[in-house]
Structures are given as structure tokens and as C-alpha cells.
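Below, all heavy atoms of this structure are taken into account, side chains as well, without hydrogens, waters or symmetry copies.
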There are 4 protein chains.
Amino acid sequence: MARRAGSIGSETARDIRAAALRLFARHGYAAVSMRQIAAAVGIRAGALYNHFPTKQDILRELMVGHMEALIGAWERESFRFVDPVAALEGFVRFHIRYHLDKADAVFLAYMELRSLEPDNFRAVDRLRQYYEGCLRKILARGSADGAFTVADVPVGAMAIIAMLTGLNCWFRAGGRLGVDAIAEIYVRMALGSVGARLAAPA
Amino acid sequence: MARRAGSIGSETARDIRAAALRLFARHGYAAVSMRQIAAAVGIRAGALYNHFPTKQDILRELMVGHMEALIGAWERESFRFVDPVAALEGFVRFHIRYHLDKADAVFLAYMELRSLEPDNFRAVDRLRQYYEGCLRKILARGSADGAFTVADVPVGAMAIIAMLTGLNCWFRAGGRLGVDAIAEIYVRMALGSVGARLAAPA
Amino acid sequence: MARRAGSIGSETARDIRAAALRLFARHGYAAVSMRQIAAAVGIRAGALYNHFPTKQDILRELMVGHMEALIGAWERESFRFVDPVAALEGFVRFHIRYHLDKADAVFLAYMELRSLEPDNFRAVDRLRQYYEGCLRKILARGSADGAFTVADVPVGAMAIIAMLTGLNCWFRAGGRLGVDAIAEIYVRMALGSVGARLAAPA
Amino acid sequence: MARRAGSIGSETARDIRAAALRLFARHGYAAVSMRQIAAAVGIRAGALYNHFPTKQDILRELMVGHMEALIGAWERESFRFVDPVAALEGFVRFHIRYHLDKADAVFLAYMELRSLEPDNFRAVDRLRQYYEGCLRKILARGSADGAFTVADVPVGAMAIIAMLTGLNCWFRAGGRLGVDAIAEIYVRMALGSVGARLAAPA
DNA sequence: AATGAATGAGGGTTCATTCAT
DNA sequence: TATGAATGAACCCTCATTCAT
């Protein structure tokens, strides 16, 4: 009936985020109830509202948080790549690694855009476009210096991102191929799709 | 209070399918109520049950119907392609054209697998795998005769299908590029991704 | 689980109105739950929504309906009174009789104005002002022809209406005095309060 | 997280009383939450329970406190009136002045009797009857010495009190008439209602 | 084949209250 | 004395579904 000994708000909030992420990714935002989230955390539904004002706010926080983390992570990596071919290779490996690592968040970010209320949608969409812009910049640079043959940079970027992200739909850890092997395959396919190929290791 | 003048059962069922498809695709299965579907058709919720035993049955029928139609359509086309390169090109053009044509059904088929009850999921999944098998066969043939350089046929097939299907997420008729122009771009990218390229038109 | 044999919508709606009126009047709008109303009618809470879109709509309908009925009833009576003294006497008797007859609706109309959402409040308030206007007209006429001594017609009308309506707070049928006896007392007090008195019966 | 700098228990309790009074009067007891009260005071809901054991206790304290203060104030005035006409005039002026001064408490005392639990109701009701008895005594005295013509003293007392208290429903400071002007009107009406009139000022 | 009235479960959210801190 | 995290009950309302009509 009251605070349980040892309960700490920030930890509960973290647990709620984690439980909601997992459940939303598996069953979809609309199909998950606040009671289910609470049960996964080990509290009652009402207590969720000490940490998040509404269910929609949980979703927003998860999606915005994911996109910001994704962009931040890429920006910490991208500075290393000058050569467009290396940059595309780096982007593919980064994207696959990150997306398999945070499979639930990625899945959510692609599947539940429609569950966001207009304002939240705009915020997330802006971030998503920014991330896609990172790939477009690489393609544009490679296109300009002749490394890539890209008929259309925006279309090419969407095609490659879709190809990579599709991984999340079927990849399961412990399957026939490991992450590295799969990343290798995708690097070759992505480079091939823009008319380039991996530089032979020196 | 009874049958509406001029109503014919099969027409109502068709209207229900169409309305449900549209609504499920836009808002998600879980987020659409039987009342919404009924309202879109112009009847009351109770009348839906004269045509479909449950909401889940509407979903199943839509998804199975879509996959069967998709496979049927491809099989009517595929016999024409002997050469793997031509076959891949044909597959890409077919998939894009079909998917943009039936955008809602495609979207549903990819998004709502998780909303299917186990039996229905298995039925739809079997069909989906069959369709993916069609592309795998092309890649395998091209790989065998040296036309393609594919590190892993199943992975390659998934990558290409994801790339193509991703189109549905962002393509809007009337945009900067038409369907044919986009298909052209994707043909080149898909071929490139497996180390091939369009044969110069004779 | 479905419609019960013999259930008729209009009858259920009437029962809901009656039950809600009784409960709102006794416990207050905010303190009455939809489940309580449903239980009083003998149905489940969800079924209420086949008849009224929201709880607020029940309240609005009760209050608007009451005010319209009240005004309608007075207008069917008032034409009979030419003489202001007789009109005031008629008004007092009418108001008391009507208010004791429909004690719950009257109580609601005076107590739950604050529970109405803005639009609904305006609608009810307009009707209430119209009714008060009926008494103001009587006072004004009597004031003009010297029958009454009224320092301020609007204030006088409010004072008399409050006096009469206050009856509802304490009058209980079967008490020491019957309705007619009480009406007689109030007629004298109301007339006295505007400096008039009952004409001696001829 | 603990006592706020400079906070003094009795001040907080007073603030709570004031905030609850205001909110209860405006929205009704049932429609006001402990969180709203706490927010109005600038503390959290839990802290209210350091000052009042339950929400009901706040209401009881407000209502009992108001009735006791009202009775105390009248008793400090009433001794001055020997003559019944002057006493009734004094009562009217006192009641109006006091009620407009403490409009929220008065409103609460008349509106929320039904929100009191049985024991608390009895306590408040006893006080209310005592206060009404003060007016009854005046009417009885005036009736006995021929100053008033009252058909029924208890009914007359209720009628006059309702008339006066009704003021609270519509009077707004700053309106067309000031408190004194209105009190003047009500004095005349109240005296008239019992067949008396203001003595001409000597 | 359609309606309209019902159910029982459950939705998101708020409530008064408790209690470790 | 105040906070913030929790409870369990209840809130209004919507759900898929049923069935008399």
C-alpha cells in the first residue's frame, strides 16, 4: 500500500522503459496494456503514472531516446571515415551492429511511427530524416568523386537503409551465421548496389 | 433493421475486406475496432458477423489472400525468364509494381504477422517463405552459372526483398520520381548488390 | 451476453434517465458512477453507452429536459393570469407544486450547474434565465400598476425564487404540513415581500 | 524532502483549509482530489496527511468550523436586539453580510451536507438547526407580540433563510448593486413577508 | 442480412491513502 | 514535516462478440 523499502524512482523508471520497449516491440504499442507493462516491472498499473504521465509518453521517450542515441553513436564513429567507400562500409557495419544490438528499439522506431501523436511524430521523424541524411551525405560524396554509381542519392539511401534494417525482421542470434559474417555480406551487397566494391585489404 | 435494399452478401463481404485492409494498414490491427470497420462499410458492427466469424478471421483472410495472389501473379510471370539476370530484373520490376499497386495488403502482410494467432501465422508464414524461395531460386541459379556473386543466397534474398519492400514505407505516387524510374534504379541496385549489371539492350 | 428478450431501447433509455436523476440528486453528479446507474437500471455499465454517449450527456439531457418542461408547464398556465397579484400567487403555487412534484430534477438543476461543461452550461443557463424572466415580468407589471412595492425587480425575483426553491431542501411529504398548506404560507410571504397581500376571496 | 525552510505546521494546516474551502466550494467535494488541494497549497498529496487524517476530516472541520463561527458571530450581535422587528432586520443584515463575506464556507455548508459521513452530518446538522432556531425565536417573539403575521414559524424561518442564502448563488461583488443596497432590499422583503415593515427612521 | 441492445472483460487513468526516506 | 513511490479500488469508456428482433 505504500512505497516498498528500497524502491528508487530512477530505477523503476528505467525498468518501465525496458519492459515497455520489449513488450511494444513484440506485440505492438496498441496491443500492450499499461497493466502488462506494470506486471513486467513488478508493480501495479497506477504506479506507472508516478514515472510517466501517459502511455504515449513512454512510447515517445523510447523512440526519441533511441533516435538520439543512434545519431549520437554514429556521429562518434563517422569522423573516422574520409573515403566514401570506407564510410559506406563503416555505415553498414555500424548500422547492422547497432541495430542487432538494440533490435527492440530499432523495430519500435520503424513500426510505431503511426502510433505517435502528431507532435511526437514530427519530433521522431525529424531525427529519422537526420539519420538518413548521414547516409545520403556518404552517397553524395562517393557519387561526386566517382567512387559510386548512384542513379539517385535519396532513393539509393532509402534502398540501402531498408535493406539493412530488414535484417531485424529475420536475424536471430545463434542462427547459421553470426553478426560479423552477415555484416560482411551486407557490406558487399551495399557497395555492389552503388557500383563499388570492397578495397582489397592491403 | 434487416437486409438493406439491394444488398448482396458477397458485395458486403468484399466491402468489409476492403475497409478492413485500409484501416488495418493505416492504424494497425490492434488499433482498429470492429465498429470502425463497420462504420467504414456503412453497417453496424453486429452485421460484420454475418460475413466473418471473428476479427481475426478478417485479418487471416486478408493476409492469406494477399500472399496467394502475390505468388499466383509471380508464377504467371516467372516462366518467361530463363536467364537469371533477366529473372532478377523481372522479379524486381514485378515486386515493385505489385507492391506499389497493393500497398496496403503488402504493408499488412509485413506488419501484422505478429497479430496472427499461431495457426494462421503458420499458414501465412509458409506462403511468405514460398515467395522468398522464388527469389532464392533466381539467386541460386545465377550463382551457379556465374552470373551473380552472392556470398549467401538466403541472406542475399532477404536483403533484396527488404530493400524492395522498404519502398512502401516512403514512396508516394505523384512524387519526384514515377514508378518506372524508381524500378529502374532498384533494378540496377539489386543487380549490383549481387555483382551483376543490366545487359545493354541489344 | 446479448440482447435480452423483450428489451426495448426507448424503455431502457427512460429507465436510465430516471435512475440517473435519482442518484445525481441524492449523491451529486461527481459522486455517482456509471456502474451505479447501470446497477439501478439492471444492466451493465457498458450498455449505458448504447443510449447515451457520455455521462455528461445524461446530465445535460436531464437538466435541459427539466428546464424545458418547467418552462413549458408555466407557459401553459400563465396565460390565465392578467392581474399581477393573481399572477404572482399563481406563480408561487405553480412553482411549489411543480418543484415538489419533480423534486429531484429541480434539485439537480440548481445544484449541478457547475458540473456542466461550458456549452451545456450555457444552454441550461439560458433556460434558467428565461424562467426567472417570467417572474421578473410579473413583478415589473405589478410594480408598474402599483400593486407591488419592489425596490428592485431583478433582485426581488431572485429572492422570491430562492425562497420558494429552498423548500426542496427541507420539505418531506407526510410531514406536519401538506403541500397546499405550505403553498398557502408561501403565497402570503411572497406577496408580503413585495408589499401586496392576497385579495380577500369574494 | 523534509520540512520546508520556514514552514510552520499550523500555517500549512491553515493553507490547506483555505485551499480546500475554495476548491470544494467551486467544484464540489467529490470532484476535488487531494492532489488538487495539495497543489493549491504548494505541497504534495502525502503531506496533507500530516495535518488531516482524511479528506472527509477536512470537510468536517470546514463545515463545523463555519457553523460555529457563524453562530458565535450572531450571538455576539443578537443580544443587542430587543424589538423583534429590529431583530429581524438585524438578522437579515447580519446574515447577508456574513454570507457574502464568507461565501465559500456558506456555499459549502449548504451544498455538501450530503457528502458528510453520518456522524459528521449529525454534528453539522445540529449546528445548522441551532442557527435556524435563532431566526425562529425572532419570528416567534414577533408573532407573539403582534409585530409579525406568521402563519407558521418554522416554515417562515426556512423561507426567509432560503431567500437570504440564495443571494450567494448570484451575487457578485462589483455588480450593479452593492452589498448595502441589496441588504436594504432584502430587509424590506423579509419584513414584508411576515407582514411587517421597516420603522421609519426617527 | 441487418439492427440495436446487451455482456463481460479490459482499456488508460485517477483516486485516497500509506509509508520508507 | 515533506517527498515520492507505491497500492488497490475505482473511474469513464471501448472492446469483440452475441442474439432477439
Side-chain angles (χ1 to χ4, degrees), chain A residues 1-13 30-38 42-56, chain B residues 1-5 7-9 11-13 30 32-38 41-51 53-56, chain C residues 1-13 30 32-38 42-56, chain D residues 1-5 7-9 12-13 30 32-38 41-51 53-56:
Chain A
M1 258 195 237
R3 184 179 198 151
R4 289 168 313 171
S7 95
I8 295 175
S10 60
E11 288 178 4
T12 302
V32 172
S33 76
M34 293 297 267
R35 278 168 184 80
Q36 281 175 270
I37 298 170
I43 58 179
R44 307 294 153 206
L48 294 173
Y49 292 84
N50 288 325
H51 305 280
F52 296 88
T54 67
K55 186 186 178 190
Q56 172 77 199
Chain B
M1 271 202 219
R3 186 175 200 150
R4 291 170 308 164
S7 88
I8 295 176
E11 286 183 1
T12 302
V32 172
S33 74
M34 292 296 265
R35 275 168 182 77
Q36 282 176 268
I37 298 170
V41 176
I43 58 179
R44 308 284 164 237
L48 295 173
Y49 293 83
N50 290 323
H51 303 277
T54 68
K55 185 186 177 189
Q56 172 76 199
Chain C
M1 262 195 230
R3 182 180 199 151
R4 289 169 313 169
S7 94
I8 296 176
S10 60
E11 288 179 4
T12 303
V32 172
S33 75
M34 292 298 264
R35 273 172 185 77
Q36 282 174 269
I37 298 171
I43 58 179
R44 308 295 152 207
L48 294 173
Y49 293 85
N50 289 324
H51 305 279
F52 296 88
T54 67
K55 185 186 178 189
Q56 171 77 199
Chain D
M1 269 198 222
R3 186 175 201 150
R4 291 169 307 164
S7 87
I8 295 176
T12 301
V32 172
S33 74
M34 292 297 266
R35 274 168 182 77
Q36 281 175 269
I37 297 170
V41 175
I43 59 179
R44 309 284 165 238
L48 294 173
Y49 291 84
N50 290 323
H51 304 279
T54 68
K55 185 185 176 190
Q56 173 77 198

(Q) Once rounded to the nearest 0.5 Å, what's the spacing between atom CG of A/Asn50 and atom CD1 of A/Ile43? (A) 8.0 Å
Q | Side-chain N or O of B/Ser33 closer than 4.0 Å to phosphate OP1/OP2 of F/dC15 | A | yes
Q: For A/Leu48 and F/dA6, give me the distance from atom CG to atom C1', rounded to whole Å.
A: 11 Å
Q: Heavy atoms only: give me the nearest D/Arg44-D/Ala38 pair and the separation to one decimal.
A: C-CB, 3.5 Å
Q | 5′-ward residue of the pair C/Ala47/A/Ser10 relative to DNA chain F | A | A/Ser10
Q | Side-chain donor/acceptor of A/Arg35 to base of E/dG10, under 3.5 Å | A | no
Q | Which residues share a side-chain contact (heavy atoms from CB on, under 4.5 Å) with B/Arg35, sequence neighbours left out | A | B/Ser33, B/Ala45
Q | F/dT1 phosphate, OP1 or OP2, under 4.0 Å from D/Thr12 side-chain N/O | A | no
Q) Given atom CZ of A/Phe52 and atom P of E/dT14, what is their separation to the nearest angstrom? A) 15 Å
Q) Quick one: on DNA chain E, does D/Gly46 or C/Ile43 contact a more 5' nucleotide (nearest heavy atom)? A) C/Ile43
Q.
Just N and O in the side chain of A/His51: are any of them under 4.0 Å from OP1 or OP2 of F/dA6?
A. yes
Q. Under 4.0 Å between a side-chain N/O of B/Arg44 and OP1 or OP2 of E/dA2, yes or no?
A. no
(Q) The side chain of C/Lys55 is closest to which nucleotide in this list: F/dC12, E/dA6, E/dT13? (A) F/dC12
Q.
With a cut-off of less than 4.0 Å, is there a side-chain N or O of A/Thr54 near OP1 or OP2 of E/dG12?
A. no
Q.
If you compare every side-chain N and O of C/Tyr49 against the phosphate oxygens of F/dT14 (OP1, OP2), does one of them come in below 4.0 Å?
A. no
**Q.** Consecutive-pair stems (3 or more, Watson-Crick or G-U, under 3.5 Å) for DNA chain E
**A.** E:2-21 with F:2-21
Q: Starting at atom CG of B/Asn50, determine the distance to atom P of E/dA1, rounded to an integer number of angstrom.
A: 6 Å
(Q) Give me the atom names and distance for the closest heavy-atom approach of A/Thr54 to A/Met34. (A) C-CE, 4.4 Å
Q.
Reading DNA chain F from 5' onward, which residue's closest nucleotide shows up sooner: B/Ala45 or C/Gln36?
A. C/Gln36
Q. Separation of C/Met34 atom CE from E/dA9 atom C1', in whole Å?
A. 17 Å
Q) What is the distance from CD1 of D/Ile37 to C1' of E/dT14, rounded to the nearest Å? A) 15 Å
